[in-house]
Amino acid sequence: MVTNAFENCARLIADADGLLITAGAGLGVDSGLPDFRGSEGMWRAYPALGKAGMHFQEIANPAAFITRPRLAWGFYGHRLDLYRRTAPGPAFGMLLDIARHLPDGAFVFTSNVDGQFQKAGFDAQRIVECHGSIHHLQCMNACDGRIWSADGFQPEIDVDACELTNALPSCPGCGGLARPNILMFGDWDWIERRAQAQQTRLAAWQRRVDRLLVIEIGAGTAVPSVRLFGEHLGVPIIRINLREAGTAHEPGVSLPLTATEAMLGITRALREAGFPMG
């Protein structure tokens, strides 16, 4: 059954001229990143938040930067450092290899804020980060609408307390507190200009593609931004999801596997079918 599914994936890829990779948190888990889909997963990664009984929605919220800025930046600063140090998992390289052999290449649409696709070698001009990026900052008050790189910010964290110990990052415009340029829960001040520009580039690329294929990886239904975006396009979908793999799309393929397991099987089937890989 799985072998036939991989063969079907290979046929869909061979028939496509452009690949849209839609990715959620499950892809990051394959790189060893924490899973925040349940409070238990977050509390294992951040015991101090567990002791305080804080849920993901409470810390991933602009209000936390107002009431407890060092705790909020302890959480996001630790994540920023973690994402900087984490190497993309094997699935990224296999996706990139496939993309290089398609006439119109690939575009990425992801809710992940970790910057893993850029680190893996994907063209930054062909990535939509629909929830923003932890590698960019903005003013808490959105004072002048600017978005700037977080490269100059080196967070120092008391891991046991989940608190930032060095200086809080500040806005170069007004000098107020800076925050990640990420769409959080209860967020009315997220500056989305960067994500909108990415969306514009994606739309222009889509107009050039005649035979679009979606490979969706690790996108669940709890926050369905990625899943719904791919489904509304009405094109074939290869859905890779260990827990929620079902797809009603025809033609479509469901693979209840991890990203690495699925991409290894797809890559093997492509090679057997004579698709140029490597």
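Because the structure is predicted, anything quoted here is derived from the model rather than measured.
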query = Checking side-chain contact (heavy atoms from CB on, under 4.5 Å) for the pair H135/Y83: CA distance, chi angles, key distance, verdict?
reply = CA-CA 9 Å; H135 301 286; Y83 296 161; 4.2 Å; yes
request  = Please assess Q206 against L202 for the test side-chain contact (heavy atoms from CB on, under 4.5 Å), listing each intermediate value before the final yes or no.
outcome  = CA-CA 6 Å; Q206 282 182 258; L202 170 58; 3.4 Å; yes
message = Could you go through I21 and L27, starting from their C-alpha distance and side-chain angles, then the distance that decides it, and tell me whether this counts as side-chain contact (heavy atoms from CB on, under 4.5 Å)?
response = CA-CA 11 Å; I21 302 164; L27 180 56; 5.6 Å; no
task = Please test L19 against I98 for side-chain contact (heavy atoms from CB on, under 4.5 Å), starting from the C-alpha separation and ending with a verdict.
result = CA-CA 9 Å; L19 175 64; I98 291 170; 4.2 Å; yes
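Salt-bridge annotation for R201 and D123: absent, with no side-chain N of the basic residue lying under 4.0 Å from a carboxylate O of the acidic one. Taking the charged nitrogens against the carboxylate oxygens, R85 and D81 do have a contact shorter than 4.0 Å, which makes a salt bridge.
Considering only heavy atoms from C-beta on, F109 stays 4.5 Å or farther from V214 through its side chain. Two residues are said to be in side-chain contact when any heavy atoms from C-beta on lie closer than 4.5 Å; P155 and W73 fail this criterion. When side chains are defined from C-beta on, L212 counts as touching L20, because their heavy atoms get closer than 4.5 Å. With a 4.5 Å cut-off on side-chain heavy atoms, E192 and L183 do not count as touching. Annotation: side chain of L264 is not in contact with side chain of F6 (no heavy-atom distance under 4.5 Å). With contacts defined as side-chain heavy-atom distances shorter than 4.5 Å, the pair L49/L71 qualifies. Contact annotation: the side chain of L168 approaches that of R70 to within less than 4.5 Å [non-hydrogen atoms, C-beta and beyond]. Residues T110 and Q116 have side chains not in contact (no heavy-atom distance under 4.5 Å, counting atoms from C-beta outward).
Taken to the nearest 0.5 Å, the CD atom of Q138 stands 4.0 Å off from the CD1 atom of I191. In this structure, CG on N8 lies 11.0 Å from CD1 on I13, to the nearest 0.5 angstrom. Considering SG of C162 and CD1 of I59, their distance stands at 6.0 Å, rounded to 0.5 Å. We find the CZ-CZ distance between R239 and R227 to be 4.0 Å, quoted to the nearest 0.5 Å. Rounded to the nearest 0.5 Å, atoms CG (L257) and CD1 (I240) are 8.0 Å apart. Taking CD of Q125 as the reference point, atom CD of Q198 lies at 8.5 Å (rounded to 0.5 Å).
Taking hydrophobic clusters as Ile, Leu, Val, Met, Phe, Trp and Tyr residues chained together by side-chain heavy-atom distances below 4.5 Å, Y76 shares a cluster with I66. Grouping the Ile, Leu, Val, Met, Phe, Trp and Tyr side chains by contacts below 4.5 angstrom, directly or via other members, places L33 apart from L242. Hydrophobic clustering (ILVMFWY, side-chain heavy atoms < 4.5 Å, transitive): V108 and L102 are in one cluster. Under the 4.5 Å side-chain heavy-atom criterion for ILVMFWY residues, a single connected hydrophobic cluster contains both L233 and F107. Hydrophobic clustering of Ile, Leu, Val, Met, Phe, Trp and Tyr side chains at less than 4.5 Å, counting indirect connections, keeps W190 apart from V226.
Side-chain atoms of K119 do not come within 3.5 Å of backbone N or O of D114 as any donor-acceptor pair. One N or O on the side chain of N61 and one on the backbone of A63 form a donor-acceptor pair closer than 3.5 Å. A donor-acceptor pair under 3.5 Å is absent between the side-chain atoms of D144 and the main chain of G173, judged by distance alone. Using a distance-only test at 3.5 Å, with no hydrogens or angles considered, a donor-acceptor pair links the side chain of R193 to the main chain of G145. H101 places a side-chain N or O within 3.5 Å of a backbone atom of P276 that can act as its donor or acceptor partner.
For an aromatic pair to be called close, the ring centres must be under 6.0 Å apart, and F75 with H78 fails this.
Other residues, nucleotides and ligands contribute only 12 or fewer heavy atoms inside 6.0 Å of the CZ atom of R68.
Between F122 and F92, the angle of the ring planes goes over 60°, which puts this pair in the perpendicular group of the 30/60° scheme.
Judged purely by distance below 3.5 Å, without hydrogens or angles, the side chains of D158 and T165 never pair a donor atom with an acceptor atom.
Paired with H55 under the rule ring pair (Phe, Tyr, Trp, His ring centres under 6.0 Å), one option of F185, Y46, W43 passes, and it is W43.
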